[in-house]
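Here is the structure we will look at, set down as structure tokens.
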Amino acid sequence: GVQTCALPISISMTQHISKFCPEVRWITMYAFSTENWSRPDWEKKALFQLMERYCDDFFSWAVGKLIIKFLGDLDDERLPASLKNRLKNLEVKSGYALEGTSKSEQPLTLCIAINYGGRKDIIQATKNIVEAVGRGEYNIHDINEDIFHSCLSTAGMPSPELVIRRSEEHTSELQSHSDLVCRLLL
């Protein structure tokens, strides 16, 4: 299907951007959103197999060239254990490979969204804030955009300057509220 063809294209685009657009510092690649769980089992299995197949080739190229971060719930038991292990190891390896580099030398950061949903992220951030208020860490009147943003899984990431999507469907699963502002500006 169309979705299974998107991963190799995204990987190729990331390689080209890192080579030809050195001013680009952050890219987010959407590999599997929370909405994808409604797909047929055979299609989910094919997507996971495709991710594993491309893991080794792409990520062996990426380690030492990119900082790799994952957005989403990689601890979900529905994700294949072998895929989760590969992804978690990759994130650790990409960080170790770049230890000691100065901030000006930092390469492109590639965020890969797997089992991620913007709505889910907003709900989880809200729950975290409510719990923090209950523990007395915040007063309800102190809650502002900075506190809210710090509770999102995208905390520490800049707001995207450009969002490229293959279609208009599933826009609810983009990175919480930051992509929506970006989309309006485009």
Side-chain angles (χ1 to χ4, degrees), residues 1-18 26-99 107-128 131 151-157 160 163-179:
V2 174
Q3 179 69 28
T4 58
C5 294
L7 184 62
I9 293 167
S10 296
I11 288 171
S12 177
M13 285 178 61
T14 300
Q15 290 173 323
H16 283 85
I17 289 169
S18 72
W26 290 81
I27 295 177
T28 299
M29 178 185 350
Y30 293 87
F32 189 86
S33 80
T34 53
E35 289 181 351
N36 288 145
W37 288 114
S38 63
R39 293 178 179 271
D41 287 343
W42 67 267
E43 192 171 355
K44 290 183 287 198
K45 184 178 179 182
L47 285 169
F48 296 141
Q49 288 174 341
L50 187 67
M51 284 183 219
E52 286 202 51
R53 192 173 83 215
Y54 279 93
C55 248
D56 296 332
D57 293 339
F58 172 69
F59 296 136
S60 63
W61 167 84
V63 170
K65 295 180 177 131
L66 307 175
I67 296 171
I68 299 168
K69 297 182 180 285
F70 290 97
L71 299 175
D73 183 6
L74 291 184
D75 293 323
D76 190 314
E77 72 274 354
R78 296 173 293 180
L79 290 170
S82 58
L83 177 61
K84 290 192 284 191
N85 290 335
R86 277 187 165 140
L87 297 176
K88 288 177 181 181
N89 286 335
L90 174 67
E91 188 171 33
V92 169
K93 285 180 185 177
S94 78
Y96 287 144
L98 297 166
E99 278 185 0
L108 173 82
T109 297
L110 173 63
C111 298
I112 303 173
I114 296 179
N115 198 22
Y116 175 85
R119 289 178 181 170
K120 183 178 179 182
D121 200 13
I122 289 171
I123 290 167
Q124 187 58 52
T126 303
K127 288 178 180 178
N128 293 343
E131 289 172 359
C151 292
L152 293 168
S153 65
T154 56
M157 293 173 54
V163 177
I164 301 171
R165 291 284 295 173
R166 64 177 175 81
S167 71
E168 286 300 315
E169 53 187 298
H170 305 303
T171 55
S172 65
E173 294 306 308
L174 293 173
Q175 289 177 19
S176 58
H177 67 290
S178 58
D179 281 351

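- Only one option out of L83, L87, N85 pairs with L74 in a side chain to side chain contact (heavy atoms under 4.5 Å, CB included); it is L87.
- Of the possible polar contacts, one joining the N115 side chain to the D73 backbone as a donor-acceptor pair under 3.5 Å is found.
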- For T154 and Y116, what are the C-alpha separation, side-chain angles and deciding distance, and is it a side-chain contact (heavy atoms from CB on, under 4.5 Å)? CA-CA 11 Å; T154 56; Y116 175 85; 4.1 Å; yes
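- Once rounded to the nearest 0.5 Å, the distance linking CD1 of I112 with CZ of F32 reads 15.0 Å.
- No side-chain heavy atom of T109 sits less than 4.5 Å from a side-chain heavy atom of L66.
- Looking at E52, Q49, K44 one by one, the single match for side chain to side chain contact (heavy atoms under 4.5 Å, CB included) with P80 turns out to be E52.
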- Item | Trace of the side-chain contact (heavy atoms from CB on, under 4.5 Å) decision for F70 with I68 | CA-CA 7 Å; F70 290 97; I68 299 168; 3.9 Å; yes
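- With hydrogens and angles ignored, the 3.5 Å screen pairs a side-chain donor or acceptor of N36 with a backbone N or O of S33.
- Here the closest non-hydrogen pair linking I114 and A31 is CG1-CB, 3.7 Å.
- Within the 4.5 Å cutoff, the side chain of L47 has heavy atoms near those of the R39 side chain.
- Atom CG of L71 is separated from atom CE of M157 by 5.0 Å, given to the nearest 0.5 angstrom.
- Interatomic distance, CD1 of I123 versus CG of N128, reported as 12.0 Å (0.5 Å rounding).
- Here the closest heavy-atom approach between residue A113 and residue Y30 is recorded as CB-CD2, 3.7 Å.
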- Full working for side-chain contact (heavy atoms from CB on, under 4.5 Å) between S153 and Q124: CA-CA 9 Å; S153 65; Q124 187 58 52; over 6 Å; no
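- With contacts defined as side-chain heavy-atom distances shorter than 4.5 Å, the pair K88/D75 qualifies.
- If you take SG on C151 and CD1 on I122, they are separated by 12.5 Å, rounding to the nearest 0.5 Å.
- Between L79 and K84 the shortest heavy-atom distance is O-CE, 3.5 Å.
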- Between R78 and F48, does a side-chain contact (heavy atoms from CB on, under 4.5 Å) hold up when you go through it step by step? CA-CA 11 Å; R78 296 173 293 180; F48 296 141; over 6 Å; no
